[in-house]
Amino acid sequence: MAEQNATNFNSADFTIASGVFDLNDAVVKTIASDSGSVTPSTHGFTVTGTGGVTTSGTGATLTVDGSGVGGGSLVFLASATANDSAALDFTSYINSTYDVYVFVTGVATTDDENNLNIYTSTDGGSNWDNSNAYHFSQICSYKDGSYSVNSSNTNANSYEIGHAGASSLGVSSGSKIYSTIYLFEPSNSSVNTMFQHQAVFQNYSGICISFIGCGMRKTAGDVDAVRFTMASGNIASGTIRLYGITNS
Amino acid sequence: MVLNKNVNGINIQCSEEEEAEIRAEWAASRKSVADNAWLNGRTSEYPKISDQLDMLWHSMDKAEIPGKGIEWYEMIKAVKDKYPKPKEV
């Protein structure tokens, strides 16, 4: 009963049966010790207060503290907005701060039957790796359940998001290339920088296509810059955002 | 037309050398697309592999091609018999 007084619960407000604790009404429960509260609702509850929420069970404990909820592990670094741009370059943000970087794209083309090309640089963008520098492969899934595989086979001048033919972006669809592209350990000079991407867009005839792909820079090196271009023509509009994923 | 680029969020004009490099990459890409148009066209329009195999099975079943009674034919037939297609479909 002392515990009931401390949390302002009335005995009619809760029941305990078969190990389940049930709140019996939709009343805000005040946590008197630090002025927080617990508010039951139809599909869950809201907790306020600086103490956060801790759940525990046999053999396992899950704790969500205030910093975890407020911070997150994705750190926004930069964005580039296209305006009939031949290239969107990120030359100042990729270093050893993070092991993994993420680009999020939503860009449109000026030319029909297009795809997004990615290039790396190890000298801050003075020179771009654009000659047989990459391996990649991606599975393209179509609405009818069919799929195709695009790959560089041996060498590619760029890392591709999308491809020619039915798996290319078109002007007529009005779609953008929406994608997330992971870059793994770009600053580790002893490993080949690896890519992984997921993408979706409408092709030049309006059909929705999804992509899952991966690849790598063929030679090890300290990658410190990344360039995006269309395979042909300018990036008409849209934005690419760069994030770092905190290591811990 | 002069090419522009966006570097770290700032719009600037490409140098002549850089513009030539980008235009060369665009041209190479267009050539690759043109050279492989036949392949991309076929890949785009081939039916799903499962549909192609089903067509082959039915051709065997109608004796248009040999193969009726082989292990693969019988295996597919067993599945079809187990889940018969309703007449109204």
Side-chain angles (χ1 to χ4, degrees), chain A residues 77-93 107 111-115 117 119 124-128 130-131 140 142 144-150 156-158 160 163-168 203-205 207 209 225 227-235 239-242, chain B residues 1-59 72 75-76 79-80 82-86 89:
Chain A
L77 299 176
S79 69
T81 299
N83 181 16
D84 284 329
S85 306
L88 301 183
D89 296 347
F90 294 85
T91 64
S92 296
Y93 307 97
V107 289
D111 284 17
D112 222 2
E113 297 190 42
N114 227 326
N115 62 269
N117 286 343
Y119 302 89
S126 296
N127 295 281
W128 297 99
N130 57 9
S131 180
C140 318
Y142 304 93
D144 63 355
S146 63
Y147 65 91
S148 65
V149 179
N150 304 137
N157 293 337
S158 63
E160 293 185 8
H163 195 62
S167 48
S168 62
N203 74 357
Y204 61 89
S205 58
I207 295 172
I209 311 174
R227 159 171 281 184
F228 293 84
T229 71
M230 287 295 180
S232 178
N234 286 329
I235 302 174
T239 301
I240 298 178
R241 295 179 175 85
L242 171 62
Chain B
M1 189 176 71
V2 176
L3 294 183
N4 297 304
K5 64 178 181 177
N6 184 300
V7 181
N8 301 318
I10 299 170
N11 291 312
I12 58 176
Q13 188 174 314
C14 294
S15 66
E16 285 186 18
E17 181 184 39
E18 194 168 32
E19 180 167 336
E21 186 176 78
I22 290 173
R23 289 192 185 281
E25 288 164 8
W26 287 350
S29 175
R30 277 299 166 208
K31 182 177 186 309
S32 175
V33 169
D35 289 348
N36 292 288
W38 64 274
L39 179 60
N40 291 322
R42 288 184 183 184
T43 303
S44 304
E45 295 188 27
Y46 280 142
K48 286 190 294 183
I49 296 295
S50 57
D51 290 343
Q52 293 183 44
L53 288 172
D54 198 51
M55 291 172 71
L56 279 174
W57 186 91
H58 281 287
S59 290
W72 177 79
M75 181 182 68
I76 300 299
V79 176
K80 286 180 181 291
K82 184 177 180 182
Y83 303 103
K85 187 176 181 178
V89 175

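The chains referred to below are lettered A, B, ... by the order of the sequence lines, with proteins before strands, and numbering in each begins at 1. Since the model is a prediction, treat every value here as computed from it, not as a measurement. Both backbone and side-chain heavy atoms feed into the values below; hydrogens, waters and symmetry mates do not.
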Just list the side-chain donor-acceptor pairs under 3.5 Å for residues 47-55 of chain B, sequence neighbours left out, or say none.
{"from": "B:Lys48", "atom 1": "NZ", "to": "A:Asp144", "atom 2": "O", "distance (Å)": "3.2"}
{"from": "B:Gln52", "atom 1": "NE2", "to": "B:Pro47", "atom 2": "O", "distance (Å)": "2.8"}
{"from": "B:Asp54", "atom 1": "OD1", "to": "B:Lys80", "atom 2": "NZ", "distance (Å)": "2.9"}

### Query
Looking at residues at least two apart in the chain, or sitting in another chain, which of them share a side-chain contact (heavy atoms from CB on, under 4.5 Å) with B:Pro84?
none
### Summary
When the 4.5 angstrom heavy-atom criterion is applied to B:Glu18 and chain A, the contacting part is side chain
### Segment of B:Asn8 engaging chain A (4.5 angstrom heavy-atom cut-off)
both
### Query
Which bit of A:Thr81 comes within less than 4.5 Å of chain B, counting heavy atoms only: side chain, backbone, both or neither?
backbone
### Message
Let's go through B:Val7 and A:Thr91 carefully: what are the C-alpha distance in whole Å and the side-chain angles of both, what is the deciding distance for side-chain contact (heavy atoms from CB on, under 4.5 Å) to 0.1 Å, and is it a yes or a no?
### Response
CA-CA 7 Å; B:Val7 181; A:Thr91 64; 3.8 Å; yes
### Message
Donor-acceptor pair, distance only, cut-off 3.5 Å: does the side chain of B:Trp26 make one with the backbone of A:Asn234?
### Response
no
### Task
Look up atom NZ in B:Lys5 and atom CG in A:Asn83, then write down how far apart they are to the nearest 0.5 Å.
16.0 Å
### Query
If you measure only the distance, is there a donor-acceptor pair under 3.5 Å linking the side chains of A:Asn157 and B:Glu25?
no
### Query
When only pairs under 4.5 Å are counted, which of A:Ser146, A:Ala80, A:Ser148, A:Ala87 shares the most heavy-atom pairs with chain B?
A:Ala87
### Message
I'd like to know whether OH of A:Tyr147 has more than 12 heavy-atom contacts from other residues, nucleotides or ligands below 6.0 angstrom.
### Response
no
### Task
Any chance you could measure A:His163, atom NE2, to B:Asn36, atom CG, to the nearest 0.5 Å?
7.0 Å
### Side chain, backbone, both or neither of A:Phe228 within contact of chain B (heavy atoms, under 4.5 Å)
neither
#### Entry: Pick from A:Ser79, A:Ala78, A:Ser92, A:Gly125 with the largest number of heavy-atom pairs that fall under 4.5 Å of chain B
A:Ser92
### Task
For residues A:Asp112 and B:Arg30, report the shortest heavy-atom separation together with the two atoms involved.
O-NH2, 2.7 Å
### Query
Quick one: what part of B:Glu21 sits under 4.5 Å from any heavy atom of chain A, side chain, backbone, both or neither?
side chain
### Task
Considering only heavy atoms and a distance below 4.5 Å, find which of A:Ala86, A:Gly145, A:Ser158 pairs most often with chain B.
A:Ala86
### Query
Between A:Ser85 and B:Asn6, is any side-chain donor less than 3.5 angstrom from a side-chain acceptor?
no
